[in-house]
Amino acid sequence: MSDNQSATAQQTPASVRFEDFGLSPDILRALTDQGYVHPTPIQAQAIPIVLQGRDVMGAAQTGTGKTAGFALPIIQLLLAHASNSASPARHPVRALILTPTRELADQVADNVKAYSHYTSLRSTVVFGGMDMAPQTAALRAGVEIVIATPGRLLDHVQQKTLNLSQTQILVMDEADRMLDMGFLPDLQRIINLLPKQRQSLMFSATFSPEIKKLANSFLDKPVTIEVARSNATAENVTQIIYKVAEEAKRQAVAHIVRERGLKQVIVFSNTKIGASRVARELEKQGLKASAIHGDKSQSERMAALEAFKQGEIEILVATDVAARGLDIAELPCVINYDLPYNAEDYVHRIGRTGRAGALGDAISLVTDKDARLLADIEKLIKKQLAPSELAGFVPHAEHGSERRPRREEAPGSERERGERGSSERRPRRDEERTSFSSSASPQGRTAGRSAYGPAPRREKIDPWFLKPYEPSQPAPANAAENRGQLANGTSSGKPQKAKVAALLGGPPKR
DNA sequence: AAAAAAT
């Protein structure tokens with residue numbers, strides 16, 4: 001055993017220093033502040049390539065320094081081409097960084113701010129669930145770099161507080177998630193607003209073959225950067241599988257936390273309801289737990305994450321909102337309360353632990369029904385995961401109030417008073433709902449015109465835009481009509497992979 | 001099947 005164990009992840013010669021990349025002294029000074037001297041492998045590879053202006057498809061585990069890998073050279077590029085003598089009346093955004101979750105956007109923005117601290121470059125973060133006004137003010141004041149989630153970004157474009165027509169650099173962080181069906185329409189709208197001549201960078205821990213193809217349709221002769229095996233799980237993470245009955249899972253989590261004396265652990269649930277229930281159960285058992293998921297208000301989400309980082313909360317029970325990119329120092333363990341439906345998400349989730357060379361444990365609870373999911377994961381990570389018994393765990397029968405949690409009680413019911421359903425009533429979108437009546441009126445929804453164009457949001461789509469132009473194949477008769485708008489409902493029933501394959505023009509798999 | 005992302 002030696003420090004060389006992590007040599008595969010640290011292939012950069014120790015002699016390489018940030019100073020060797022020709023970065024501005026102002027950037028180097030910020031790095032010194034952060035205590036950074038030597039680049040990580042992904043940084044050593046990405047920085048020169050991004051500086052050359054090339055497109056990049058970067059496959060790297062989280063915790064490998066991805067963010068600095070793109071942020072540093074972007075800052076450098078913007079500085080190098082900064083002073084156009086006379087400053088223009090309006091300040092166009094010059095670099096755009098997109099992320100799939102608000103928390104990740106916030107985190108990336110913090111890093112960008114730190115790296116550009118001594119430069120003249122300004123940056124701001126833009127995401128939903130928060131007051132528009134401060135974001136609008138920051139954008140109006142002028143920023144060169146925007147970090148954003150897609151929906152709110154488009155909102156600002158619509159409000160004309162944001163202009164993407166001069167944006168030379170686009171980054172998609174956690175690109176595989178950005179490219180999934182839920183995000184694609186927004187992503188395409190955003191890309192349509194950008195100049196065609198631009199530099200595009202995509203980063204993710206995993207790139208499935210389908211996503212790789214899709215990604216390539218957005219990139220121009222990209223350089224592929226790969227640190228460690230693609231889709232590999234971190235070598236310093238020990239993976240453990242426990243066989244547990246479905247009804248005993250919550251008790252099992254509590255048992256594991258107690259048994260191991262865990263002071264920092266993320267428990268992943270596949271559902272928002274599940275996350276809340278697990279958190280509540282753990283709290284009931286006297287453990288310091290809190291849930292984070294998309295039905296919580298943004299302030300609750302941020303409070304939970306912050307409390308967890310501060311150690312006030314020991315167990316963060318999360319949906320996949322927390323699966324990607326979040327950098328939480330020294331997380332020694334993650335628990336999959338459920339196995340994720342997508343094998344790739346398993347890789348992302350367990351990437352929350354064992355970061356930056358530290359050791360970590362990834363514990364997954366499986367039931368009999370999970371055999372298929374487990375097999376998919378084993379196939380992806382090319383590793384066998386043998387389920388074992390959870391030693392010393394004796395589930396006791398559950399009873400009474402816990403048996404049948406009722407979600408939709410009338411206000412003022414007895415239970416409400418007894419155990420303060422911890423914000424778990426419904427998505428609470430009522431905080432600033434000033435225009436409720438207008439949007440609820442029958443014509444309000446359909447008549448309200450969206451600046452995004454005619455397409456309704458979050459509907460089934462036929463993404464014509466993803467099909468590469470193939471002169472050899474006769475275009476479908478309605479292709480011309482579909483151009484310029486998203487048609488509805490042609491591919492609703494198909495599983496996602498088949499959809500993506502179809503988008504790429506390949507024959508449907510049978 | 002589920003989650004995320006504007007209101």
Side-chain angles (χ1 to χ4, degrees), chain A residues 98-106 125-133 135-136 147-159 161-162 172-190 204 268-276 291-298 301 317-326 336-346 348-349 369-370 372-373 376 427-441 444-453 455-459 461 492-499:
Chain A
L98 295 173
T99 73
T101 68
R102 297 164 180 176
E103 284 77 8
L104 187 54
D106 208 25
V125 65
V126 148
F127 54 77
M130 303 270 286
D131 204 349
M132 281 290 263
Q135 297 176 7
T136 301
I147 302 93
T149 49
R152 180 58 72 87
L153 181 84
L154 285 168
D155 203 352
H156 281 290
V157 170
Q158 183 179 7
Q159 308 290 326
T161 47
L162 184 56
M172 278 164 270
D173 203 4
E174 302 303 338
D176 62 336
R177 177 58 87 235
M178 300 302 300
L179 291 174
D180 85 14
M181 298 308 287
F183 277 111
L184 263 177
D186 280 354
L187 190 61
Q188 185 58 38
R189 289 187 176 101
I190 291 166
S204 182
F268 283 107
S269 160
N270 281 357
T271 65
K272 293 177 277 199
I273 285 277
S276 284
I292 183 169
H293 57 66
D295 275 356
K296 297 258 183 191
S297 75
Q298 192 55 31
R301 284 166 60 162
V317 191
T319 58
D320 279 325
V321 69
R324 286 152 190 269
L326 293 190
N336 285 314
Y337 178 83
D338 302 308
L339 278 189
Y341 291 124
N342 298 317
E344 272 105 17
D345 287 332
Y346 177 83
H348 286 278
R349 286 181 182 182
K369 292 177 179 169
D370 293 330
R372 184 56 206 255
L373 296 176
D376 287 348
R428 290 172 30 183
R429 308 219 187 277
D430 48 357
E431 269 128 28
E432 46 199 298
R433 193 207 250 155
T434 48
S435 60
F436 175 76
S437 56
S438 78
S439 68
S441 73
R445 303 184 59 124
T446 45
R449 72 181 50 213
S450 154
Y452 301 142
R457 272 175 61 81
R458 298 189 175 88
E459 298 264 350
I461 55 155
S492 48
K494 282 188 259 174
Q496 184 161 317
K497 283 191 178 175
K499 272 194 225 169

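Just so you know, these numbers use all the heavy atoms, side chains as well, and skip hydrogens, waters and symmetry mates. Owing to the predicted nature of the structure, the values given are computational and were not obtained by experimental measurement. Order of the sequence lines sets the chain letters (A, B, ...), proteins ahead of strands, with each chain counted from 1.
At least one side-chain nitrogen or oxygen of A/T319 sits closer than 4.0 Å to the OP1 or OP2 atom of B/dA4. Remark: A/R177 is not in phosphate contact with B/dA3, judged by side-chain N or O atoms under 4.0 Å from OP1 or OP2. For A/R152 and B/dT7, the shortest distance from a side-chain N or O to OP1 or OP2 is below 4.0 Å. Put simply, A/R372 has no side-chain N or O that comes within less than 4.0 Å of OP1 or OP2 on B/dA1.
What separates CG of A/D186 from P of B/dT7 is a distance of 12 Å, to the nearest Å. Rounding to whole angstrom units, CD1 of residue A/I147 and C1' of B/dA5 are separated by 17 Å. Atom-to-atom, CG of A/L98 to C1' of B/dA4 comes out at 14 Å; the value is rounded to the nearest Å. When rounded to the nearest whole Å, the span between CD of A/Q135 and P of B/dA5 equals 13 Å. Counting to the nearest Å, the C1' atom of B/dA3 and the CG atom of A/D176 are 14 Å from each other. Here B/dA1 presents its P atom at 15 Å from CG of A/D376, a figure rounded to the nearest Å. Distance CE (A/M130) to P (B/dT7): 11 Å, rounded to an integer number of Å. Between A/H293 atom NE2 and B/dA2 atom C1' there is a gap of 13 Å when expressed in whole angstrom units.
A/T161 contributes a side-chain N or O that, together with a main-chain N or O of A/H156, makes up a donor-acceptor pair within less than 3.5 Å. Side chain of A/D180 to backbone of A/G182: a donor-acceptor contact under 3.5 angstrom is found.
If you check every strand for non-hydrogen atoms under 4.0 Å, A/D320 touches nothing. Among the protein residues, A/N342 comes within range of the nucleic acid bases, having at least one heavy atom under 4.0 Å from a base atom. The residue A/R324 sits apart from the nucleic acid: no heavy atom pair falls under 4.0 Å.
Using a cut-off of 4.0 Å between Lys/Arg side-chain N and Asp/Glu carboxylate O, A/D338 and A/K369 are scored as not salt-bridged. The pair A/D106-A/R102 does not count as a salt bridge, with every side-chain nitrogen at least 4.0 angstrom from each carboxylate oxygen. Remark: A/R324 engages A/D176 in a salt bridge, criterion side-chain N to carboxylate O under 4.0 Å.
Residue A/R102 has its side chain nearest to B/dT7 when only B/dA1, B/dA4, B/dT7 are considered.
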